[in-house]
Amino acid sequence: MRTIAAAALGVVLSTALAAAVTTYFDVWSSSRSPVPAGRALHAESEVWWDLTRDTKAVRIPGAADVAKLEQEAMDADMALDTLADGGGTYAGMMRVRVTLMNFTKVPVSVTEVRARLTDEKPAPEGDLLSCGGTEGSIGITRLRIGLGDADKAAQEYDGEKVVGHYPAQEMQLAKQDEPAVFDIRVEAGDTTASYVLDVVYQQGTEKGRVVVDDGGKPFVLAPDEGDVGSAYRCDDSMTHWKKQP
(Lines give C-alpha, C1' and ligand atoms only; values in the text may rest on other atoms or scores of the structure.)
Protein backbone atom coordinates (compact mmCIF):
# COMPACT_ATOMS: atom_id res chain seq x y z
CA MET A 1 0.00 0.00 0.00
CA ARG A 2 2.97 2.34 0.57
CA THR A 3 3.92 1.88 -3.10
CA ILE A 4 0.38 2.78 -4.19
CA ALA A 5 0.34 5.89 -1.99
CA ALA A 6 3.72 7.03 -3.35
CA ALA A 7 2.58 6.53 -6.94
CA ALA A 8 -0.61 8.51 -6.35
CA LEU A 9 1.37 11.37 -4.77
CA GLY A 10 3.74 11.44 -7.73
CA VAL A 11 0.84 11.79 -10.15
CA VAL A 12 -0.54 14.74 -8.20
CA LEU A 13 2.79 16.56 -8.10
CA SER A 14 3.63 15.97 -11.76
CA THR A 15 0.28 17.18 -13.06
CA ALA A 16 -0.09 20.26 -10.90
CA LEU A 17 -0.38 23.37 -13.10
CA ALA A 18 -2.38 25.32 -10.55
CA ALA A 19 -3.59 24.84 -6.99
CA ALA A 20 -4.46 21.17 -6.67
CA VAL A 21 -7.67 20.29 -4.92
CA THR A 22 -8.73 17.01 -3.34
CA THR A 23 -11.77 15.31 -4.80
CA TYR A 24 -14.21 12.99 -3.15
CA PHE A 25 -16.12 10.08 -4.59
CA ASP A 26 -19.09 8.19 -3.30
CA VAL A 27 -18.48 7.52 0.41
CA TRP A 28 -14.73 7.91 0.95
CA SER A 29 -12.13 10.59 0.31
CA SER A 30 -8.69 10.48 -1.25
CA SER A 31 -7.08 11.37 2.07
CA ARG A 32 -7.99 8.04 3.65
CA SER A 33 -5.37 5.31 3.86
CA PRO A 34 -5.33 2.47 3.09
CA VAL A 35 -7.59 2.55 0.05
CA PRO A 36 -10.85 0.77 0.96
CA ALA A 37 -11.20 -2.67 -0.57
CA GLY A 38 -13.50 -2.88 -3.56
CA ARG A 39 -13.16 0.77 -4.55
CA ALA A 40 -11.99 0.76 -8.13
CA LEU A 41 -11.37 4.34 -9.12
CA HIS A 42 -9.63 7.29 -7.49
CA ALA A 43 -9.65 10.88 -8.80
CA GLU A 44 -7.64 14.07 -8.36
CA SER A 45 -8.64 17.41 -9.89
CA GLU A 46 -7.44 20.96 -10.38
CA VAL A 47 -8.87 24.13 -11.90
CA TRP A 48 -6.64 26.14 -14.23
CA TRP A 49 -6.45 28.45 -17.22
CA ASP A 50 -3.91 28.80 -20.02
CA LEU A 51 -3.82 32.58 -20.28
CA THR A 52 -2.25 32.47 -23.75
CA ARG A 53 -5.46 30.85 -24.97
CA ASP A 54 -8.14 31.13 -22.29
CA THR A 55 -9.87 34.21 -20.95
CA LYS A 56 -9.82 34.07 -17.17
CA ALA A 57 -12.51 36.26 -15.63
CA VAL A 58 -14.02 37.03 -12.24
CA ARG A 59 -17.30 38.76 -11.41
CA ILE A 60 -17.23 40.63 -8.11
CA PRO A 61 -20.00 42.15 -6.01
CA GLY A 62 -19.84 45.94 -6.26
CA ALA A 63 -17.14 48.10 -7.84
CA ALA A 64 -13.57 47.01 -8.53
CA ASP A 65 -10.69 48.91 -6.91
CA VAL A 66 -8.21 48.51 -9.77
CA ALA A 67 -5.91 51.17 -8.31
CA LYS A 68 -5.47 49.00 -5.22
CA LEU A 69 -4.74 45.96 -7.36
CA GLU A 70 -2.04 47.89 -9.22
CA GLN A 71 -0.56 49.31 -6.01
CA GLU A 72 -0.25 45.81 -4.60
CA ALA A 73 1.73 44.93 -7.74
CA MET A 74 -0.01 41.61 -8.25
CA ASP A 75 -0.03 40.17 -11.73
CA ALA A 76 -3.47 39.71 -13.25
CA ASP A 77 -3.55 35.95 -12.74
CA MET A 78 -2.90 36.28 -9.00
CA ALA A 79 -5.22 39.28 -8.71
CA LEU A 80 -8.12 37.34 -10.22
CA ASP A 81 -7.57 34.45 -7.81
CA THR A 82 -7.49 36.91 -4.91
CA LEU A 83 -10.77 38.47 -6.05
CA ALA A 84 -12.39 35.04 -6.35
CA ASP A 85 -11.19 34.10 -2.85
CA GLY A 86 -12.55 37.42 -1.54
CA GLY A 87 -16.15 36.88 -2.60
CA GLY A 88 -15.97 37.00 -6.39
CA THR A 89 -16.92 34.22 -8.79
CA TYR A 90 -14.99 32.85 -11.75
CA ALA A 91 -16.88 33.66 -14.93
CA GLY A 92 -17.18 32.53 -18.51
CA MET A 93 -15.12 29.34 -18.52
CA MET A 94 -12.69 27.22 -16.55
CA ARG A 95 -10.63 24.14 -17.22
CA VAL A 96 -10.97 21.19 -14.88
CA ARG A 97 -8.15 18.68 -15.12
CA VAL A 98 -9.12 15.23 -13.85
CA THR A 99 -6.60 12.47 -13.10
CA LEU A 100 -8.08 9.00 -12.72
CA MET A 101 -6.30 6.01 -11.18
CA ASN A 102 -7.40 2.39 -10.96
CA PHE A 103 -6.44 0.81 -7.63
CA THR A 104 -7.46 -2.73 -8.57
CA LYS A 105 -6.26 -5.42 -10.97
CA VAL A 106 -9.62 -5.47 -12.75
CA PRO A 107 -9.80 -3.08 -15.76
CA VAL A 108 -12.10 -0.08 -15.39
CA SER A 109 -13.85 1.53 -18.37
CA VAL A 110 -15.05 5.14 -18.14
CA THR A 111 -18.46 5.33 -19.84
CA GLU A 112 -19.63 8.91 -19.20
CA VAL A 113 -18.61 12.29 -17.79
CA ARG A 114 -21.33 14.77 -16.93
CA ALA A 115 -21.78 17.99 -14.93
CA ARG A 116 -24.43 17.93 -12.23
CA LEU A 117 -25.73 21.23 -10.87
CA THR A 118 -26.03 21.47 -7.10
CA ASP A 119 -27.29 25.07 -7.02
CA GLU A 120 -28.19 27.93 -9.37
CA LYS A 121 -28.39 31.66 -8.65
CA PRO A 122 -28.77 34.80 -10.76
CA ALA A 123 -25.51 36.27 -12.01
CA PRO A 124 -24.02 38.54 -9.31
CA GLU A 125 -24.32 42.29 -9.79
CA GLY A 126 -21.03 44.14 -9.97
CA ASP A 127 -17.91 44.51 -12.10
CA LEU A 128 -16.13 42.01 -14.33
CA LEU A 129 -12.35 41.70 -14.57
CA SER A 130 -10.69 39.53 -17.20
CA CYS A 131 -7.31 38.68 -18.68
CA GLY A 132 -5.79 36.40 -21.33
CA GLY A 133 -7.31 34.76 -24.36
CA THR A 134 -4.99 36.30 -26.94
CA GLU A 135 -4.81 33.18 -29.11
CA GLY A 136 -8.20 31.58 -28.49
CA SER A 137 -8.77 28.07 -27.13
CA ILE A 138 -12.08 26.84 -28.51
CA GLY A 139 -10.59 24.96 -31.45
CA ILE A 140 -7.90 23.19 -29.43
CA THR A 141 -10.15 22.01 -26.60
CA ARG A 142 -11.20 18.41 -27.17
CA LEU A 143 -13.64 18.00 -24.27
CA ARG A 144 -16.28 20.57 -23.37
CA ILE A 145 -19.25 20.81 -21.05
CA GLY A 146 -21.82 23.58 -21.35
CA LEU A 147 -23.54 24.29 -18.04
CA GLY A 148 -26.41 25.80 -20.01
CA ASP A 149 -26.91 22.60 -22.03
CA ALA A 150 -29.87 20.38 -21.26
CA ASP A 151 -27.96 17.16 -20.51
CA LYS A 152 -24.61 18.72 -19.45
CA ALA A 153 -22.70 15.71 -20.75
CA ALA A 154 -19.07 16.07 -21.81
CA GLN A 155 -18.87 16.40 -25.59
CA GLU A 156 -15.80 15.36 -27.56
CA TYR A 157 -14.68 17.66 -30.37
CA ASP A 158 -12.39 17.39 -33.37
CA GLY A 159 -11.60 21.06 -33.91
CA GLU A 160 -15.05 22.62 -34.15
CA LYS A 161 -16.79 19.37 -35.13
CA VAL A 162 -18.70 17.48 -32.45
CA VAL A 163 -17.61 13.83 -32.40
CA GLY A 164 -20.16 12.79 -29.77
CA HIS A 165 -20.50 12.22 -26.05
CA TYR A 166 -17.21 11.55 -24.28
CA PRO A 167 -15.65 9.05 -24.50
CA ALA A 168 -16.26 8.50 -28.21
CA GLN A 169 -13.87 5.54 -27.95
CA GLU A 170 -13.55 3.30 -24.89
CA MET A 171 -11.18 4.63 -22.25
CA GLN A 172 -9.94 1.79 -20.07
CA LEU A 173 -7.75 1.99 -16.98
CA ALA A 174 -5.99 -1.34 -16.64
CA LYS A 175 -3.03 -0.66 -14.37
CA GLN A 176 -2.33 1.34 -11.25
CA ASP A 177 0.74 3.01 -12.76
CA GLU A 178 -1.03 4.25 -15.90
CA PRO A 179 -3.36 7.10 -14.82
CA ALA A 180 -5.71 8.75 -17.29
CA VAL A 181 -5.49 12.55 -17.39
CA PHE A 182 -7.96 14.69 -19.29
CA ASP A 183 -8.96 18.35 -19.34
CA ILE A 184 -12.53 19.58 -19.66
CA ARG A 185 -13.40 23.08 -20.80
CA VAL A 186 -16.47 24.01 -18.73
CA GLU A 187 -18.51 26.88 -20.19
CA ALA A 188 -20.96 28.97 -18.16
CA GLY A 189 -24.68 29.15 -18.78
CA ASP A 190 -26.96 32.09 -17.98
CA THR A 191 -26.81 31.64 -14.21
CA THR A 192 -24.20 31.27 -11.51
CA ALA A 193 -23.98 27.49 -11.30
CA SER A 194 -22.51 25.34 -8.55
CA TYR A 195 -21.67 21.93 -9.96
CA VAL A 196 -19.77 18.68 -9.58
CA LEU A 197 -18.57 16.23 -12.22
CA ASP A 198 -19.95 12.70 -12.30
CA VAL A 199 -17.52 10.18 -13.83
CA VAL A 200 -19.44 6.95 -14.52
CA TYR A 201 -17.46 3.73 -14.98
CA GLN A 202 -17.90 0.01 -15.56
CA GLN A 203 -15.79 -2.66 -13.86
CA GLY A 204 -16.73 -6.14 -14.94
CA THR A 205 -20.48 -6.37 -14.40
CA GLU A 206 -20.51 -3.59 -11.80
CA LYS A 207 -21.14 0.10 -12.42
CA GLY A 208 -19.81 2.91 -10.27
CA ARG A 209 -19.55 6.68 -10.08
CA VAL A 210 -16.80 9.06 -9.02
CA VAL A 211 -18.03 12.47 -7.88
CA VAL A 212 -15.34 15.07 -8.60
CA ASP A 213 -15.57 18.38 -6.76
CA ASP A 214 -13.40 21.32 -5.70
CA GLY A 215 -11.77 20.25 -2.45
CA GLY A 216 -15.00 19.05 -0.83
CA LYS A 217 -17.20 21.80 -2.26
CA PRO A 218 -18.77 22.32 -5.69
CA PHE A 219 -17.09 24.18 -8.51
CA VAL A 220 -18.77 27.55 -9.15
CA LEU A 221 -18.97 29.41 -12.47
CA ALA A 222 -20.90 32.55 -13.43
CA PRO A 223 -21.65 34.01 -16.87
CA ASP A 224 -19.24 36.64 -18.19
CA GLU A 225 -21.97 38.39 -20.18
CA GLY A 226 -25.21 40.15 -19.35
CA ASP A 227 -25.79 42.82 -16.74
CA VAL A 228 -22.27 43.88 -15.72
CA GLY A 229 -21.46 47.14 -13.93
CA SER A 230 -18.05 47.96 -15.42
CA ALA A 231 -15.68 45.67 -17.28
CA TYR A 232 -11.89 45.80 -16.88
CA ARG A 233 -9.26 43.93 -18.84
CA CYS A 234 -5.57 43.53 -18.09
CA ASP A 235 -3.01 45.05 -20.44
CA ASP A 236 -0.11 43.21 -22.10
CA SER A 237 2.05 43.58 -18.98
CA MET A 238 -0.64 41.82 -16.92
CA THR A 239 -0.12 44.38 -14.13
CA HIS A 240 -2.47 47.20 -15.20
CA TRP A 241 -6.20 47.26 -15.86
CA LYS A 242 -8.06 49.10 -18.60
CA LYS A 243 -11.74 49.94 -18.38
CA GLN A 244 -13.61 48.61 -21.37
CA PRO A 245 -16.12 50.77 -23.29
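Treat the numbers as computed from the prediction; the structure is a model and nothing was measured.
Crowding of Asp85 atom CG: a count of heavy atoms from other residues, nucleotides or ligands under 6.0 Å exceeding 12. Taking a 6.0 Å sphere around CD of Gln244, one finds it holds more than 12 heavy atoms contributed by other residues, nucleotides or ligands. The neighbour count for Glu70 CD, taken as heavy atoms of other residues, nucleotides or ligands under 6.0 Å away, is above 12. For Asp65, the CG atom is densely surrounded, since the number of other residues' heavy atoms within 6.0 Å is greater than 12. Other residues, nucleotides and ligands contribute more than 12 heavy atoms inside 6.0 Å of the CG atom of Asp151.
Contact of the Asp54 side chain with the Met93 side chain is registered, since non-hydrogen atoms from C-beta on lie closer than 4.5 Å. Between Ser237 and Asp75 there is no side-chain heavy-atom pair separated by less than 4.5 Å. Side-chain contact between Arg185 and Leu143 is absent, with no heavy-atom pair separated by less than 4.5 Å. Between Lys152 and Leu117, the closest side-chain pair of non-hydrogen atoms falls below 4.5 Å. Ile184 is listed as a side-chain neighbour of Leu197, based on a closest heavy-atom distance under 4.5 Å. Within the 4.5 Å cutoff, the side chain of Leu221 has heavy atoms near those of the Val186 side chain.
Interatomic distance, CG of Leu69 versus CG of Leu129, reported as 7.0 Å (0.5 Å rounding).
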Could you walk me through whether Arg59 and Asp224 pass salt bridge (charged side-chain N to carboxylate O under 4.0 Å, His left out), step by step?
CA-CA 7 Å; Arg59 292 184 73 139; Asp224 60 355; over 6 Å; no
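A donor-acceptor contact under 3.5 angstrom links the side chains of Asp81 and Tyr90, judged on distance only. With hydrogens and angles left out, the side-chain atoms of Ser130 and Arg233 include a donor and acceptor closer than 3.5 Å.
A search for ring-ring contact (aromatic ring centres under 6.0 Å, His included) contacts involving Phe182 returns Tyr166, not counting sequence neighbours.
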